[in-house]
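Worksheet for the structure shown next.
Worth saying up front: this structure is predicted, and the values here are computed from it rather than measured.
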Amino acid sequence: ANLLYQYILRPSTTTSNRGYAAIAEARTVLEHELETIRTGGTWKGERIITSKQGPHINVDGSHGDILNFCANNYLGLSSHPQVVEAGIEALKKYGAGLSSVRFICGTQDIHKDLEQKLAQFHEREDCILYASCFDANAGLFEVLLGPDDAVLSDELNHASIIDGIRLCRAKRFRYKHMDLNDLETQLKESQSSRLRLVVTDGVFSMDGDMAPLKGICDLAEQYGAMVFIDECHATGFMGPRGRGTDELLGVMDRVHIVNSTLGKALGGAAGGYTVGPKPLIDLLRQRSRPYLFSNSLPPPVVGCATRAVELLLASNEIAQSVGDKTMRFRNKMTEAGFTISGSDHPICPVMLGDARLASLMADDMLKLGVYVIGFSYPVVPKGKARIRVQISAAHTDQDIDRAVDAFIQTGRKHGVVS
């Protein structure tokens with residue numbers, strides 16, 4: 001027995017040492033990469049919130065009420081009493097989760113009801129739910145497009161779109177940001193393809209600029225292509241009824257596929273979805289890998305999102321309230337001498353250029369009771385660092401004025417404004 005252990009069962013010292021050496025080498029590589037991020041001024045810390053999400057929050061390490069101006073809580077529904085109560089009721093009736101994917105034993109009537117309401121909201125034939133819009137983007141292109149097809153993507157599309165396109169076998173064309181002339185060039189070059197899909201964010205999340213959807217749809221129809229938009233930063237509050245950029249720009253009947261999220265304006269919990277032609281949705285249920293291999297959305301999340309959609313289907317009052325507050329912030333900041341990117345969107349990037357400056361100003365803003373975050377490379381291009389402010393329907397005029405005053409005080413300290 002001792003011989004058996006000594007020569008066969010006992011771990012090899014050489015093998016063990018090699019394992020430790022590999023781990024040590026990996027640790028050195030990782031620590032070097034982390035130090036590069038720190039010295040580059042692009043380190044992303046995580047502040048700890050100790051309250052529910054809303055325009056006023058509590059932050060660990062800070063005293064008193066903190067104004068929150070960096071959440072995707074565009075309609076203020078994350079803590080809306082009716083939305084919260086709907087989640088509680090769904091938890092009591094349907095449980096915490098399904099412990100299953102949808103096609104095995106993970107589909108409840110509330111999932112089908114939410115899908116129906118989202119299809120109704122977007123005025124599309126059908127809808128399929130995902131765990132996130134990242135998953136929706138990861139699951140679409142691989143199913144829809146094959147090697148005989150082509151996808152034409154805006155160069156500044158969201159990372160989830162880029163990753164989703166990488167998974168498909170279609171020929172890939174990238175056109176310059178919102179450049180219709182370049183898009184037409186790519187459409188001409190891809191004319192031999194079977195199916196062609198023009199892919200764009202409806203609203204680009206870092207700058208708050210809107211895709212020229214009318215021009216995109218004109219070109220798509222001229223060259224026989226379909227149009228896809230990601231509406232994560234538009235659903236619920238853009239357009240007269242909050243349907244999104246396609247409604248705002250009058251092309252709802254010309255955009256064929258829409259992906260969006262439940263994790264921003266529609267309650268802010270989690271989840272994403274695709275709406276579009278029923279045959280496409282049916283095929284996604286059969287072949288979309290993130291759908292087939294991810295657990296169903298938890299009932300409380302479904303309950304919250306359903307109530308949020310119901311509120312928007314019943315009235316456009318909440319959706320319309322965001323616009324006036326957005327213009328109040330933009331106008332006051334511009335008058336103070338700041339450069340605000342984008343236009344007419346609750347995403348209001350305060351452009352600063354330098355990553356360290358953006359980080360320092362965000363820290364100083366927190367000391368003044370205003371929660372904002374600096375964005376820098378690789379989230380945005382080098383030299384385009386900014387503080388991205390996001391306006392919510394839940395903000396009051398007093399909240400906005402207080403944030404502007406804090407920006408002016410901090411901007412003067414760092415020489416950004418005089």
Side-chain angles (χ1 to χ4, degrees), residues 52-55 71-90 110-130 132-133 136 201-203 205 208 210 213 229-253 255 257-276 297 299-326 344-347 390-395:
K52 61 186 178 182
Q53 184 63 280
N72 297 313
N73 187 23
Y74 293 113
L75 298 178
L77 297 181
S78 296
S79 301
H80 190 287
Q82 292 186 42
V83 172
V84 172
E85 184 60 31
I88 293 171
E89 290 302 314
I110 54 173
H111 293 95
K112 302 304 293 184
D113 179 58
L114 177 54
E115 287 172 336
Q116 183 275 322
K117 283 184 167 66
L118 287 167
Q120 176 188 351
F121 182 80
H122 286 281
E123 299 179 8
R124 289 342 192 257
E125 292 179 16
D126 204 356
C127 172
I128 179 173
L129 291 171
Y130 288 89
S132 68
C133 191
D201 279 312
V203 173
S205 62
M210 281 175 277
L213 289 183
I229 57 175
D230 180 309
E231 286 283 80
C232 286
H233 289 276
T235 297
F237 58 95
M238 298 298 289
R241 301 170 300 155
R243 290 342 186 230
T245 52
D246 55 348
E247 181 191 37
L248 178 68
L249 301 176
V251 293
M252 284 189 78
D253 59 341
V255 171
I257 306 166
V258 176
N259 277 8
S260 195
T261 182
L262 306 174
K264 293 181 172 61
L266 301 184
Y273 57 89
T274 298
V275 293
L297 275 181
V301 172
V302 176
C304 290
T306 300
R307 188 64 188 124
V309 176
E310 289 171 348
L311 289 171
L312 296 176
L313 286 169
S315 171
N316 64 353
E317 183 178 349
I318 303 176
Q320 289 184 334
S321 70
V322 184
D324 290 342
K325 296 173 182 180
T326 295
D344 302 334
H345 191 277
I347 293 174
Q390 289 168 278
I391 307 300
S392 169
H395 286 130

Side-chain heavy atoms of [X] within contact of [Y], under 4.5 Å:
X: Phe121; Y: Thr235; answer: yes
X: Tyr74; Y: Ile347; answer: yes
X: Glu247; Y: Pro240; answer: yes
X: Thr274; Y: Ile257; answer: yes

Tyr273 and His122 aromatic ring geometry - parallel, tilted or perpendicular at 30°/60° bounds: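 His122 vs Tyr273 ring planes: tilted.
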
Practice problem: Considering only NZ, NE, NH1 and NH2 on the basic side and carboxylate oxygens on the acidic side, decide whether Arg307 and Glu89 come within less than 4.0 Å. | Solution: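 Between Glu89 and Arg307 there is no salt bridge, as every charged N stays at least 4.0 Å from the carboxylate O atoms.
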
Exercise for the section: Go through the steps to decide whether Leu297 and Leu262 satisfy the test side-chain contact (heavy atoms from CB on, under 4.5 Å), and finish with yes or no. Expected result: CA-CA 11 Å; Leu297 275 181; Leu262 306 174; 3.9 Å; yes

Nearest heavy-atom neighbours spanning [X] and [Y]:
X: Ala394; Y: Gly76; result: CB-CA, 4.0 Å
X: Gly242; Y: Ala319; result: CA-CB, 4.1 Å
X: Gly303; Y: Ala86; result: O-CB, 3.5 Å
X: Pro346; Y: Val322; result: CG-CG1, 3.4 Å
X: Ser78; Y: Gly268; result: OG-CA, 3.9 Å
X: Gly202; Y: Ile229; result: N-CB, 4.4 Å

message: Testing Arg243, Arg241, Lys117 one by one against Glu123 for a salt bridge (charged side-chain N to carboxylate O under 4.0 Å, His left out), which residue passes?
response: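 The option that passes is Arg241.
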
Say you draw a straight line from [atom1] of [X] to [atom2] of [Y]; how long is it, rounded to the nearest 0.5 Å?
X: Gln390; Y: His345; atom1: CD; atom2: NE2; answer: 8.5 Å
X: Leu118; Y: Arg124; atom1: CG; atom2: CZ; answer: 12.0 Å
X: Asp230; Y: Asn259; atom1: CG; atom2: CG; answer: 6.5 Å
X: Ile318; Y: Leu312; atom1: CD1; atom2: CG; answer: 6.0 Å

Spell out, as yes or no, whether a donor-acceptor pair under 3.5 Å connects the side chain of [X] to the backbone of [Y].
X: Thr261; Y: Gly271; answer: yes
X: Ser260; Y: Glu231; answer: yes
X: Thr306; Y: Leu114; answer: no
X: Lys325; Y: Ala393; answer: yes

### Task
Decide yes or no on side-chain contact (heavy atoms from CB on, under 4.5 Å) for Leu311 and Val83, but give the supporting numbers first.
CA-CA 9 Å; Leu311 289 171; Val83 172; 4.2 Å; yes

Among residues at least two apart in sequence or on other chains, which ones pass side-chain contact (heavy atoms from CB on, under 4.5 Å) with Lys112?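 side-chain contact (heavy atoms from CB on, under 4.5 Å) list for Lys112, sorted by chain: Arg102, Thr107, Glu115, Arg285.
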
For this session: Determine, step by step, whether His395 and Asn73 satisfy the side-chain contact (heavy atoms from CB on, under 4.5 Å) criterion, reporting the C-alpha distance in whole Å, the side-chain angles of both residues, the deciding distance to 0.1 Å, and the verdict.
Result: CA-CA 10 Å; His395 286 130; Asn73 187 23; over 6 Å; no

Practice prompt. Evaluate the side-chain contact (heavy atoms from CB on, under 4.5 Å) criterion for residues Met238 and His233: first the C-alpha distance (whole Å), next the side-chain angles of each, then the deciding distance (0.1 Å), finally the verdict.
Written response: CA-CA 9 Å; Met238 298 298 289; His233 289 276; over 6 Å; no

Greater than 12 external heavy atoms within 6.0 Å of Gln116's CD: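 Counting neighbours around CD of Gln116, more than 12 heavy atoms of other residues, nucleotides or ligands fall under 6.0 Å, so yes.
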
